[in-house]
Amino acid sequence: MAPGGTGTLIAMRSEITAHLRHEPELKLLDADHKHLFASWFKRGFLELRRIDWQSPAAVLEKLIAYEAVHAIKGWDDLRRRLAPDRRCFALFPSRASRRTADLRRGRAG
């Protein structure tokens, strides 16, 4: 997937839905968006996983960079937020969906 692609599609759908009442021909495009999002976010393609201090550094770095509600002020702040008495979860592509994507790209395994 292209970086920022999902956000761009969400913004596009938001704009389309604002015009549906006056431009009914957009209903087909809106239906395509609904189908696309439903297939991307169906239960079998996402896994809810706990994030803790032992999670891969790449995951922790993304958490610091992209947390939008309560900005994380660096590694010490993140360590405090991931303390044993705290809980943090994220949705990840499932292993099955990654294998499917790899096969589509011509890589097996």
Side-chain angles (χ1 to χ4, degrees):
M1 292 182 86
T6 303
T8 300
L9 288 173
I10 290 170
M12 187 186 303
R13 178 151 192 258
S14 177
E15 191 165 328
I16 289 168
T17 56
H19 297 282
L20 279 176
R21 183 173 283 159
H22 303 293
E23 298 179 55
E25 62 274 10
L26 291 175
K27 286 183 180 178
L28 288 174
L29 185 56
D30 185 52
D32 284 344
H33 276 97
K34 284 181 186 176
H35 175 75
L36 180 65
F37 290 133
S39 65
W40 278 357
F41 298 109
K42 64 167 76 162
R43 191 177 319 198
F45 286 93
L46 295 174
E47 292 178 356
L48 183 66
R49 289 194 226 145
R50 184 168 181 194
I51 298 175
D52 60 22
W53 193 246
Q54 306 308 314
S55 297
V59 171
L60 299 177
E61 288 171 348
K62 286 187 185 222
L63 185 58
I64 291 171
Y66 296 113
E67 170 55 52
V69 177
H70 302 286
I72 298 173
K73 298 170 183 76
W75 289 101
D76 289 334
D77 188 23
L78 180 63
R79 183 188 297 264
R80 181 184 59 77
R81 292 184 193 205
L82 297 177
D85 64 332
R86 305 276 186 105
R87 302 289 181 266
C88 180
F89 294 89
L91 291 169
F92 293 88
S94 70
R95 287 176 180 84
S97 68
R98 285 196 303 269
R99 280 194 300 273
T100 302
D102 285 346
L103 289 173
R104 280 192 224 131
R105 288 190 211 106
R107 294 191 313 251

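Only a predicted model underlies this, so the values are computations on that prediction, with no experimental measurement involved. Each residue takes its place number in the sequence, starting with 1.
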For K34, all residues meeting salt bridge (Lys or Arg N to Asp or Glu O under 4.0 Å), sequence neighbours excluded: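 Per chain and number, K34 pairs via salt bridge (Lys or Arg N to Asp or Glu O under 4.0 Å) with D30.
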Any chance you could measure [X], atom [atom1], to [Y], atom [atom2], to the nearest 0.5 Å?
| X | Y | atom1 | atom2 | answer |
| --- | --- | --- | --- | --- |
| E61 | W75 | CD | CH2 | 5.0 Å |
| K27 | H19 | NZ | NE2 | 15.0 Å |
| L46 | L91 | CG | CG | 5.5 Å |

Enumerate the residue pairs fulfilling salt bridge (charged side-chain N to carboxylate O under 4.0 Å, His left out) with a member in residues 69-78, sequence neighbours excluded, ordered by first and then second residue.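 Those involving residues 69-78 are D77-R80, D77-R81.
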Where is the tightest heavy-atom contact between [X] and [Y], given as atom of each residue plus distance?
| X | Y | result |
| --- | --- | --- |
| C88 | L82 | CB-CD2, 3.6 Å |
| D52 | L60 | O-CD2, 3.6 Å |
| R49 | F92 | NH2-CB, 3.6 Å |

Could you list the residues that satisfy side chain to side chain contact (heavy atoms under 4.5 Å, CB included) with L9, not counting sequence neighbours?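 With neighbours one apart ignored, the set is M12, H33, L36, F37, W40.
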For [X], does the [atom1] atom have more than 12 heavy-atom neighbours from other residues, nucleotides or ligands under 6.0 Å away?
| X | atom1 | value |
| --- | --- | --- |
| R86 | CZ | yes |
| E15 | CD | no |
| F89 | CZ | yes |

Quick check: does any side chain N or O of T17 sit under 3.5 Å from a backbone N or O of R13, one acting as donor and the other as acceptor?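 Present.
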Using side-chain heavy atoms (C-beta onward) and a distance below 4.5 Å, is L63 in contact with S55?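 Side chain of L63 against side chain of S55, heavy atoms only: no contact under 4.5 Å found.
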